[in-house]
Amino acid sequence: MIGSLNAVAMGDKKADIILKNSSLVNVYTREINNQTQVVVLGDRIAYVGPDASHTVGPNTTIIDLEGKFLTPGFADPHIHIDQFVMPSELAKQSLLCGTTSLFSDPIDIVSVCGFSGLKQFIKLCAGLPIRIFSVTPGGIPVDPKFSHGKALSKSEEKSALKLDGIVGLGEVFSWTKVTSRDPSTMKKLAQMLEHDCIINGHTAGASDKKLNAYISSGIFSCHEPIDYSQVMERLRLGMWVMMREGSIRRDLENIIPEILQNKPYLSRLMFCSDGLDPSDISKFGHIDHCVHQAITMGMDKIDAISCASKTIFDYYNMGRDIGGIAPGKLADMLIFDDLTKKPRRVFVGGKLVVSNGSIVTKIRKQTIPSWITKTVKLEKLSESDFIIPSKNPNVTANLIEMESEIITKLATTELAVKDGNVIPSKEKDVWKVAAFDRIYGSGKKAVGFLKNFGADIGAFASTWSFHENDLIVIGSSEKDMAIAANHLIKSQGGMVIVKEGKILSFLPLQIAGILSKNSFDDVLEKFTNINHVLREANCKFSRPHLMPLFLPFLALPSIRILHSGIIDVKKRSLISPLA
């Protein structure tokens, strides 16, 4: 290939495509090169300069950009794409936003399906008109004492490095395992470093000696800083920082203004999403939204584009091939009328994939094996599965009190007992919450109480949760809780709302109980409706779908529920539902 590119640059071989009269955003020199011509042969760039007439042949396609901006394709350096929609459906939405590369951390597909799930997911990502690189999950098990999601063995992690597109280890978010030198964790890190792999970090709450210990263990990036001081502490220690603007957190507003005021080097700053729900990608966009936000806040447009392209590939040691527009680089390019709008055209590997807001390339239909659609391994449930027995007329109950959709704390309250069953209290906004093993078919479960949900419904259930993927059911009625759970058992995954025996809203997630095989538009409609129904029913939170997702998540404070029990995260101990 280098001989052919060389020949085109010299004019001894003719170009496939010439983009002329571009305003080239040069991320290497931090300037805009006007009237620039870019020559493409196959999937790579052969020439960048003022006059490409020597490369024109009878079959060369010449596109006059008429002064429009030409930038490298954008990338998301840390995103969970095993959520909501198939990779093929996400690819369409990302490409429309100019995001041509995704670095995927498929932690949940692994927690449900293990190594087989990882291999299958990589197959689903292959052959799409977008570049998808993957990491092996570095965050599971979250806490070996209580976690039960599937994880890769050391030998499987080594084997995974031979799979197409695997570039390293995903976020190691249990940083205490690193600072305490947990033997299994240290062996995992050492194996990755021996194979010259990138290890992504997650250092929420770490600082000073703990942060130093974490970095010295070979982990050089973090997407968790939520303000300028946290960003700077990590940059000063040589880390690469991914500034997050996604569906779980939006941090740019707390970071960018002080970055602009204090003017540190930007060479290790990049944008990431950490995952996007269908509503957010539809409403805001993807990495293009980060670029727009940064420019609106005052960041130089070339710096913003560098944070969305060059820096990311430099971090992943791919800068030789991708990240900017220059000879020899892969021809991933965006054409803009206005850098604060969506791109007019998108090229991936020299092929036009988006034109005037539409996908113009064929995206193959993906084959889904039947085994990955049969992961809800539960027998039919009944009201009795949600009973918490007591012989007393009244009890003091331990509560998982929701401070937000994500953060919880321990509380207590008095509850009545009816027919030997401790019942929830609408007046006190106390609900029952249950977690069922739906992966191994063990029949294990835990039932407790939750405070601060507020919605006037009977039950809300989900088969998707970070990163344990129990079936989680929140409810005020044991009957409706059973109906909701059985609906998901029969449909093999999803989110569902039930009231007085009727299904009010349902989002099917048939693939591993975490992904829908339906179209993006269908998933967007149903996902939007789930949250709309709960908010209209007076749920106390604006994003109620997050509650069952985070209730088993052992990496956050303070009280969680898994099928193995109700857990005090900091004390690493089990809690009884009754005090």
Side-chain angles (χ1 to χ4, degrees), residues 76-91 94 101-142 147-173 184-185 187-189 191-192 194-200 275 316 318 363-377 438-441 463-469 492-493 509-517:
D76 190 333
H78 176 68
I79 181 173
H80 300 281
I81 67 171
D82 51 342
Q83 301 177 357
F84 295 111
V85 295
M86 294 278 284
S88 56
E89 290 297 303
L90 177 65
S94 293
S101 294
L102 304 171
F103 289 84
S104 162
D105 190 339
I107 189 169
D108 283 315
I109 197 75
V110 171
S111 75
V112 177
C113 301
F115 192 31
S116 297
L118 176 64
K119 290 186 286 186
Q120 183 58 47
F121 195 70
I122 288 173
K123 285 182 182 179
L124 293 176
C125 294
L128 299 174
I130 191 171
R131 301 187 194 281
I132 300 180
F133 306 97
S134 296
V135 291
T136 59
I140 47 178
V142 182
S147 292
H148 48 68
K150 295 180 180 179
L152 303 185
S153 67
K154 187 179 176 183
S155 63
E156 287 173 338
E157 284 179 341
K158 187 174 182 179
S159 297
L161 296 178
K162 300 174 184 177
L163 300 175
D164 288 342
I166 294 286
V167 296
L169 185 67
E171 57 179 320
V172 183
F173 54 69
S184 176
T185 300
K187 287 178 183 177
K188 181 183 296 190
L189 298 181
Q191 179 171 262
M192 288 292 163
E194 286 167 8
H195 288 82
D196 199 27
C197 289
I198 291 292
I199 305 173
N200 288 333
Y316 280 105
M318 297 179 180
I363 296 181
R364 66 177 176 82
K365 187 176 181 181
Q366 295 173 302
T367 302
I368 303 168
S370 61
W371 64 266
I372 208 167
T373 64
K374 299 175 182 177
T375 62
V376 185
K377 299 173 183 177
R438 60 99 172 171
I439 296 175
Y440 300 98
T463 53
W464 173 31
S465 60
F466 301 137
H467 298 293
E468 309 296 339
N469 288 296
Q492 283 296 299
L509 300 171
Q510 312 97 320
I511 300 169
I514 61 177
L515 289 161
S516 178
K517 60 184 180 183

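These numbers come from the heavy atoms of this one structure, side chains and all, not from hydrogens, waters or symmetry mates.
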Using modelled atom types and a 3.5 Å cut-off, is there a donor and acceptor pairing between side-chain atoms of [X] and backbone atoms of [Y]?
| X | Y | value |
| --- | --- | --- |
| D105 | E171 | yes |
| Q510 | Q492 | no |
| S147 | P141 | no |
| S94 | A91 | no |

If you measure from [atom1] on [X] to [atom2] on [Y], what distance do you get to the nearest 0.5 Å?
| X | Y | atom1 | atom2 | answer |
| --- | --- | --- | --- | --- |
| D108 | N469 | CG | CG | 5.0 Å |
| K187 | L189 | NZ | CG | 12.5 Å |
| L152 | K188 | CG | NZ | 7.5 Å |
| I79 | S104 | CD1 | OG | 8.0 Å |
| K123 | L163 | NZ | CG | 10.0 Å |
| L124 | I109 | CG | CD1 | 8.0 Å |

| ring pair (Phe, Tyr, Trp, His ring centres under 6.0 Å) involving H78 - partner list, sequence neighbours excluded |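 Testing H78 for ring pair (Phe, Tyr, Trp, His ring centres under 6.0 Å), a comparison that skips the adjacent residues, returns H80, H223.
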
| Residues two or more places apart in sequence or in another chain: which of them pass ring pair (Phe, Tyr, Trp, His ring centres under 6.0 Å) with F173? |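 If we apply the ring pair (Phe, Tyr, Trp, His ring centres under 6.0 Å) test to F173, skipping adjacent residues, the hits are H202, H467, F553.
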
Measure across [X] and [Y] and return the closest heavy-atom pair with its distance rounded to 0.1 Å.
| X | Y | answer |
| --- | --- | --- |
| G168 | M192 | C-SD, 4.0 Å |
| S88 | I363 | CB-CG2, 3.9 Å |
| Y440 | H148 | OH-O, 2.5 Å |
| D82 | L515 | C-CD2, 3.6 Å |
| T136 | A160 | CG2-CB, 3.5 Å |

4.5 Å side-chain heavy-atom contact, [X] and [Y]:
| X | Y | answer |
| --- | --- | --- |
| Q120 | P369 | yes |
| I514 | S111 | no |
| L118 | F121 | no |
| E468 | V142 | yes |
| F84 | E89 | no |
| F115 | S153 | no |
| T375 | R438 | yes |
| P106 | I81 | no |

| said: Using side chain to side chain contact (heavy atoms under 4.5 Å, CB included), reason through V85 and S516 one step at a time and then give a plain yes or no. | reply: CA-CA 5 Å; V85 295; S516 178; 5.5 Å; no

| field | Ring centres under 6.0 angstrom apart (Y316, F103) | value |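 Yes, they do, as the ring centres are separated by less than 6.0 Å.
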
| task | For side chain to side chain contact (heavy atoms under 4.5 Å, CB included), just list the numbers for I372 and C113, CA-CA rounded to whole Å, side-chain angles, deciding distance to a tenth of an Å, and then say yes or no. | result | CA-CA 8 Å; I372 208 167; C113 301; 4.0 Å; yes

